Number of protein chains: 2
Amino acid sequence: MPSSLSTTSYALLGLLVFDQETTDGGMTGYELKQRADNTLRFYWASPAMSQIYTELERLDRHGYVAATEVEDGKRTTRRFAITDAGRDALGEWLRTSASEFPQLKHPIALRLMLGSLMGRGEVRAMLDDYLDQLADRRRDLAAVRELLGDRNDVRFPAHVADWGLAYYDSEAEIVERLRKEID
Amino acid sequence: MPSSLSTTSYALLGLLVFDQETTDGGMTGYELKQRADNTLRFYWASPAMSQIYTELERLDRHGYVAATEVEDGKRTTRRFAITDAGRDALGEWLRTSASEFPQLKHPIALRLMLGSLMGRGEVRAMLDDYLDQLADRRRDLAAVRELLGDRNDVRFPAHVADWGLAYYDSEAEIVERLRKEID
DNA sequence: ACAGCCATGTAACTCGTTACATGATTAC
DNA sequence: GTAATCATGTAACGAGTTACATGGCTGT
């Protein structure tokens with residue numbers, strides 16, 4: 001019964017590792033989505049809500065998470081916590097499966113390839129617009145990095161955030177240089 | 001009938017723009033796949049052969065490419081060339097549709113986030129391995145860049161290749177720094 | 001009261017992949 | 001002759017999205 005999970009599935013399971021087990025055990029699907037928006041989004045993908053619930057269901061079937069129904073006023077919410085089996089599976093995955101090379105889908109680069117079909121001004125506008133978006137992203141990630149501080153339990157997520165920040169900086173630099181070359 | 005095409009579809013159409021119209025008109029699906037492996041692969045994705053043929057079929061239905069059957073010894077191969085309508089559609093797409101922000105799927109960063117579940121040596125090995133892969137990639141892309149030279153018709157693809165090379169260099173630098181910090 | 005957030009799910013669909021099938025041509 | 005490459009397609013499947021549907025809770 002390997003019945004391997006997708007990388008996204010392991011990624012979500014991984015987010016549950018950093019759950020600081022509050023009074024109730026675990027996180028809701030909604031909370032997990034928020035965490036994904038704050039972390040996974042920057043170097044993987046933040047799955048749609050519907051997929052979060054689907055994956056949690058799947059992880060539950062594998063016994064990698066434990067669900068508890070919590071009475072919350074009039075409604076009942078489900079909270080999910082990673083199990084020991086889940087932690088084992090995650091460690092096994094990290095240790096035995098090969099790391100794929102990163103996959104980049106870069107619409108700006110793609111369009112730049114076709115720069116000869118655009119006017120000079122259009123190319124410049126596209127790159128400027130990209131620089132703006134890049135700055136927005138960087139701000140978002142910097143805010144997340146701030147939250148992590150230097151707490152030891154999130155030392156690795158902090159490393160990843162630093163990586164992301166350095167990447168955004170380098171990307172902005174490259175695009176600015178490119179912009180000048182094209183003029 | 002807008003019946004918008006996917007970005008991948010436009011990307012393939014874009015590759016046909018650089019077809020230096022030889023004796024026969026256009027490229028075979030097989031040749032297009034090779035070109036995608038040399039270009040698209042680095043900043044988008046190189047579709048599977050089966051998808052190439054599917055997309056060419058679709059582009060043909062839209063009138064964006066023209067197919068010609070060519071007798072090639074005992075077999076008949078189909079060659080595809082971009083049409084004027086195709087060039088128009090591509091320009092329209094470049095001018096009117098918004099550019100999405102790049103999407104990065106980075107398994108190494110994802111795994112690094114879970115570094116606390118791995119041994120120090122395992123993390124280091126993972127990063128070293130990534131640096132090797134990165135160097136391989138860079139070599140491949142540098143070879144492609146070489147081919148482009150300074151020909152004016154491929155000025156923009158060359159810009160994109162330069163962008164990629166700078167990205168790989170920056171990424172290697174960041175990972176090396178990270179490696180030291182983790183030790 | 002009304003908006004905005006919290007919370008959970010199902011159904012239909014798209015995009016793209018792998019597996020399967022087939023066969024000609026070319027280089028050793 | 002036989003392996004690698006050229007060449008073309010179909011079928012089944014998987015991963016993930018958007019649209020749809022529902023309803024409670026919270027702040028103003």
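Small disclaimer: the values here were computed from a predicted structure and weren't measured. Just so you know, these numbers use all the heavy atoms, side chains as well, and skip hydrogens, waters and symmetry mates. Numbers restart at 1 for each chain; the letters A, B, ... are given by sequence-line order, proteins then strands.
Between dT8(D) and Y53(B), a contact under 4.0 Å exists linking OP1 or OP2 to a side-chain N or O. Between dA15(D) and Q51(A), no contact under 4.0 Å exists linking OP1 or OP2 to a side-chain N or O.
Between Y30(B) atom OH and dA4(D) atom P there is a gap of 13 Å when expressed in whole angstrom units. Rounded to an integer number of Å, the gap from CG of L56(A) to P of dA7(C) is 13 Å. Between R35(A) atom CZ and dC6(C) atom P there is a gap of 15 Å when expressed in whole angstrom units. Here dA7(C) presents its C1' atom at 13 Å from CG of L32(A), a figure rounded to the nearest Å. Distance CZ (R58(A)) to P (dT10(C)): 13 Å, rounded to an integer number of Å. The distance from atom CE of M49(A) to atom C1' of dA7(C) is 8 Å, rounded to the nearest whole Å. To the nearest angstrom, P of dG9(C) lies 7 Å from CD of E57(A). Here the P atom of nucleotide dG16(D) and the CD atom of E55(A) are 7 Å apart, to the nearest Å.
No donor-acceptor distance shorter than 3.5 angstrom exists from the side chain of S170(A) to the backbone of A166(A), with no hydrogens or angles considered.
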Would you tabulate the pairs of protein nitrogen or oxygen atoms and nucleotide nitrogen or oxygen atoms of nucleotides 20-25 of chain C closer than 3.5 angstrom?
| from | atom 1 | to | atom 2 | distance (Å) |
| --- | --- | --- | --- | --- |
| dG23(C) | N2 | R75(B) | NH1 | 3.1 |
| dT25(C) | OP1 | K74(B) | N | 2.5 |

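Salt-bridge formation is not detected for the pair D128(B)/R124(B): no Lys NZ or Arg NE/NH1/NH2 atom is positioned less than 4.0 Å from an Asp or Glu carboxylate oxygen. Ion pair D140(A)/R41(A) flagged as a salt bridge, since at least one NZ, NE, NH1 or NH2 atom sits closer than 4.0 Å to an Asp/Glu carboxylate oxygen. Between R179(B) and D183(B) there is a salt bridge, with a side-chain nitrogen of the basic residue lying less than 4.0 Å from a carboxylate oxygen of the acidic one. Salt-bridge annotation for R138(A) and E171(A): absent, with no side-chain N of the basic residue lying under 4.0 Å from a carboxylate O of the acidic one.
The side chain of R78(A) has dG9(C) as its nearest neighbour among dT8(D), dC5(C), dG9(C). With dT17(C), dG16(D), dT10(C) as the candidates, the nucleotide lying closest to the side chain of S50(A) is dT10(C). With dG16(C), dG16(D), dC6(C) as the candidates, the nucleotide lying closest to the side chain of K105(B) is dG16(D). Each of dA7(D), dA7(C), dG16(C) was ranked by its minimum atom distance to the side chain of E31(B); first place goes to dA7(D). The side chain of A48(B) sits closest to dT17(C) out of dT17(C), dC6(D), dA7(C). Comparing atom distances between the T77(B) side chain and each of dT8(D), dG16(D), dC6(D) picks out dT8(D) as nearest. Nearest nucleotide to the T28(B) side chain, out of dG16(D), dT8(D), dT17(C): dT8(D).
Residue Q34(B) is classed as a sugar-phosphate contact, given heavy-atom separations below 4.0 Å to backbone atoms only. S9(B) comes within 4.0 angstrom of nothing in the nucleic acid, heavy atoms only. Residue contacts shown for S46(B) are limited to sugar-phosphate atoms, with no base heavy atom under 4.0 Å away.
Residues T83(B) and D88(B) are not in side-chain contact: their nearest non-hydrogen atoms beyond the backbone lie 4.5 Å or more apart.
The shortest non-hydrogen separation linking R111(A) to S97(B) is NH2-OG, 2.6 Å.
Between F80(B) and P47(A), it is F80(B) whose nearest contact on DNA chain D lies nearer the 5' terminus.
In this structure, Y53(B) has no ring pair (Phe, Tyr, Trp, His ring centres under 6.0 Å) partners at least two apart in sequence or on a different chain.
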